[in-house]
Colleague: 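Structure provided below as structure tokens; questions to follow.
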Amino acid sequence: MPVKIAGEWLNSCSGCEIAILNLGETLLDLLPELDFVHIPVLMDHKHYGQLGDKKHMDIPKATVGLVSGGIRNEEHLEVAHEMRKKCDILIALGTCATHGGIPALINSYTNEELFDQYYHTESTDPGAEVPGNGLSPLLDRCYALDEQIKVDIYLPGCPPHPDQIGGAILALLKGETPELPFRSVCDTCPTIREGKGKVKEIRRFTEAPQFDPEKPVSEMRCLLEQGYLCAGPVTRAGCAGNDGEAPRCISARVPCRGCYGPVRQNGNQLMDMLNALVTNGIDISSLPDRNSLLRFSGAHNRLTAKGGM
Ligand code: SF4
Ligand code: SF4
Ligand code: SF4
């Protein structure tokens, strides 16, 4: 009998759902064994009945729940609890769900500061009311899923590589628990590391790193050793997929921005990176913006409006 799957997207952009579609032919092969009972971004199944005629949220029961996005407002919270109630195994899909992702950058500001920035500008009426009619009230900040509901499996990535989504579904079909290896992006990076002549200050990316575009990335020197702030040492591996390719950004000759979140689920990319830089003799005062190291993992009180981390 096909395994029932339900999906939901909360404080998210739909990129994680596109990553499911990017499974391509693997998805076609898997489809006879899967029964998608609810996944709003990909099929028309409404929360309160197709005609809006139901009084209570109507997400069907499923064996596996895929939830992308963190939790930012009361609607997200209600949907997240409903998914938890209806799904036997709940997967946090993507870094927004596992660590807050880009939307959790807002945690550096209070809601009042946010509304002031957008609705009380020099060109608007300073006394104007913040529009709220019919909108779900915001929570105090953006939460990762596991701050509000129990999560069984974490699939980070912005978005997760389709190989990992496919691997997780296949493992579940076999009755196994999918497990991601605890490795860093550096562990999957083929660049040349000489470990000598290390830089003392971080270089801005306005100046291109040195590489020969005619040669493979394996002949480029490590971007961190060239002085660029590459978050590879403190970011979980996965974006290279299963085919032994280089990490995505490194293939494009740009530093890793940390989109898979910390190597360990409860790690802190900012503190880990500061440690890595100090260990390598790099002056951390040359970092232009420390909080940007948490641009994908600002939930779990890592980023706070009081400037904490
Ligand atoms: S993890 Fe990235 S791709 Fe997925 S919902 Fe968040 S922003 Fe979009
Ligand atoms: S720091 Fe960046 S460029 Fe260097 S090995 Fe790690 S991921 Fe590759
Ligand atoms: S190299 Fe880093 S930022 Fe780029 S896709 Fe991979 S994990 Fe994400």
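Only this structure's heavy atoms are used, side chains among them; waters, hydrogens and symmetry mates stay out. First listed ligand is number 1; within each ligand, the first listed atom is number 1.
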Colleague: As a test of understanding, state which of Pro247, Cys239, Ser184 forms a side chain to side chain contact (heavy atoms under 4.5 Å, CB included) with Tyr260.
Modeller: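 Only one option passes, and that is Cys239.
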Colleague: Any idea which part of Arg193 is under 4.0 Å from ligand 2, heavy-atom wise: side chain, backbone, both or neither?
Modeller: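 Contact part for Arg193 vs ligand 2: side chain (C-beta onward).
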Colleague: Can you pull out the closest protein heavy atom to atom 8 (Fe) of ligand 2? Residue, atom name and distance to 0.1 Å, please.
Modeller: Cys189 SG, 2.4 Å
Colleague: Centre-to-centre under 6.0 Å for His47 and His38, is that the case here?
Modeller: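 Judged by ring-centre distance (under 6.0 Å), His47 and His38 do meet the cut-off.
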Colleague: Using only atom types and a distance under 3.5 Å, with no angle test, would you say the side chain of Asn111 pairs donor to acceptor with the backbone of Leu139?
Modeller: yes
Colleague: Looking at ligand 1, is there an atom of it that comes within less than 4.0 Å of some heavy atom belonging to Cys259?
Modeller: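 No; Cys259 lies far enough from ligand 1 that no heavy-atom distance drops under 4.0 Å.
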Colleague: Taking Ser68 for the side chain and Gly94 for the main chain, is one N or O donor matched with an acceptor at less than 3.5 Å?
Modeller: no
Colleague: Just which atoms of ligand 1 are under 4.0 Å from any heavy atom in Pro159?
Modeller: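 What qualifies from ligand 1 is 3 (S).
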Colleague: Please list, in number order, the atoms of ligand 1 under 4.0 Å from a heavy atom of Ser12.
Modeller: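 Result: 5 (S).
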Colleague: Which of the numbered atoms in ligand 2 are under 4.0 angstrom from any heavy atom belonging to Gly232?
Modeller: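 Listed by number with element: 7 (S).
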Colleague: Within ligand 1, which atoms have a heavy atom of Cys13 less than 4.0 Å away?
Modeller: 3 (S), 5 (S), 7 (S), 8 (Fe)
Colleague: Measure from the side-chain N and O atoms of Gln226 to the backbone N and O of Arg221, and report whether any donor-acceptor pair falls under 3.5 Å.
Modeller: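 Here the side-chain-to-backbone pair exists.
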Colleague: When you check the gap from the basic side-chain N to the acidic O, do Glu225 and Arg193 get nearer than 4.0 Å?
Modeller: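 Arg193 and Glu225: not salt-bridged.
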Colleague: Could you pull out, from Gly101, Gly100, Ala97, Cys96, the option with a heavy atom nearest to atom 7 (S) of ligand 1?
Modeller: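 Comparing heavy atoms across Gly101, Gly100, Ala97, Cys96, the nearest one to atom 7 (S) of ligand 1 lies in Cys96.
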Colleague: By number and element, which atoms of ligand 1 are closer than 4.0 Å to a non-hydrogen atom of Gly157?
Modeller: 1 (S)
Colleague: With a cut-off of 2.8 Å, does Cys186 place any N/O/S atom under that distance from atom 6 (Fe) of ligand 2?
Modeller: yes
Colleague: For atom 4 (Fe) of ligand 2, what's the nearest protein heavy atom and its distance?
Modeller: Cys222 SG, 2.3 Å
Colleague: Are the charged groups of Glu147 and Arg141 less than 4.0 angstrom apart, N to O?
Modeller: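 A salt bridge links Glu147 with Arg141.
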Colleague: Specify whether an N/O/S atom of Cys16 falls short of 2.8 Å from atom 2 (Fe) of ligand 1.
Modeller: no
Colleague: Measure from NZ or CZ of Arg203 to the centre of the six-membered ring of Phe205, then state whether that distance is under 6.0 Å and the direction lies within 45° of the axis.
Modeller: no
Colleague: Just so I know, are the side chains of Arg264 and Asp272 near enough to count as touching, which here means a heavy-atom distance under 4.5 Å?
Modeller: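 Yes, their side chains come closer than 4.5 Å.
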Colleague: With heavy atoms of Gly258 as the reference, note each atom of ligand 3 found under 4.0 Å away.
Modeller: 2 (Fe), 3 (S)
Colleague: I'd like to know if the side chain of Arg236 reaches the main chain of Leu180, judged simply by a donor and an acceptor atom lying under 3.5 Å from each other, with no hydrogens or angles considered.
Modeller: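 Confirmed, Arg236 side chain pairs with Leu180 backbone.
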Colleague: Could you list which atoms of ligand 3 come closer than 4.0 Å to a heavy atom of Tyr260?
Modeller: 7 (S)
Colleague: Considering only non-hydrogen protein atoms, determine which one is nearest to atom 6 (Fe) of ligand 3 and report residue, atom name and distance to 0.1 Å.
Modeller: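 Answer for atom 6 (Fe) of ligand 3: Cys239 SG, 2.3 Å.
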Colleague: For Ser286 and Ile202, indicate whether the former's side chain and the latter's backbone hold a donor-acceptor pair under 3.5 Å.
Modeller: yes
Colleague: Can Thr95 be said to touch ligand 1, with heavy atoms closer than 4.0 Å?
Modeller: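 Yes, that is the case, since the closest heavy atom of the residue is under 4.0 Å from the ligand.
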Colleague: Just going by heavy-atom distances, which of Leu224, Leu223, Ile192 is nearest to atom 3 (S) of ligand 2?
Modeller: Leu223
Colleague: Should Lys4 and Asp35 count as an ion pair when the cut-off is N to O under 4.0 Å?
Modeller: yes
Colleague: Using a strict 4.0 Å cut-off to heavy atoms of Cys249, name the atoms of ligand 3 that fall inside it.
Modeller: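 Listed by number with element, the hits are 1 (S), 3 (S), 4 (Fe), 5 (S).
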Colleague: In terms of residue, atom name and distance, what is the protein heavy atom nearest to atom 2 (Fe) of ligand 1?
Modeller: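 Checked against all protein heavy atoms, atom 2 (Fe) of ligand 1 sits closest to Cys158 SG, 2.4 Å.
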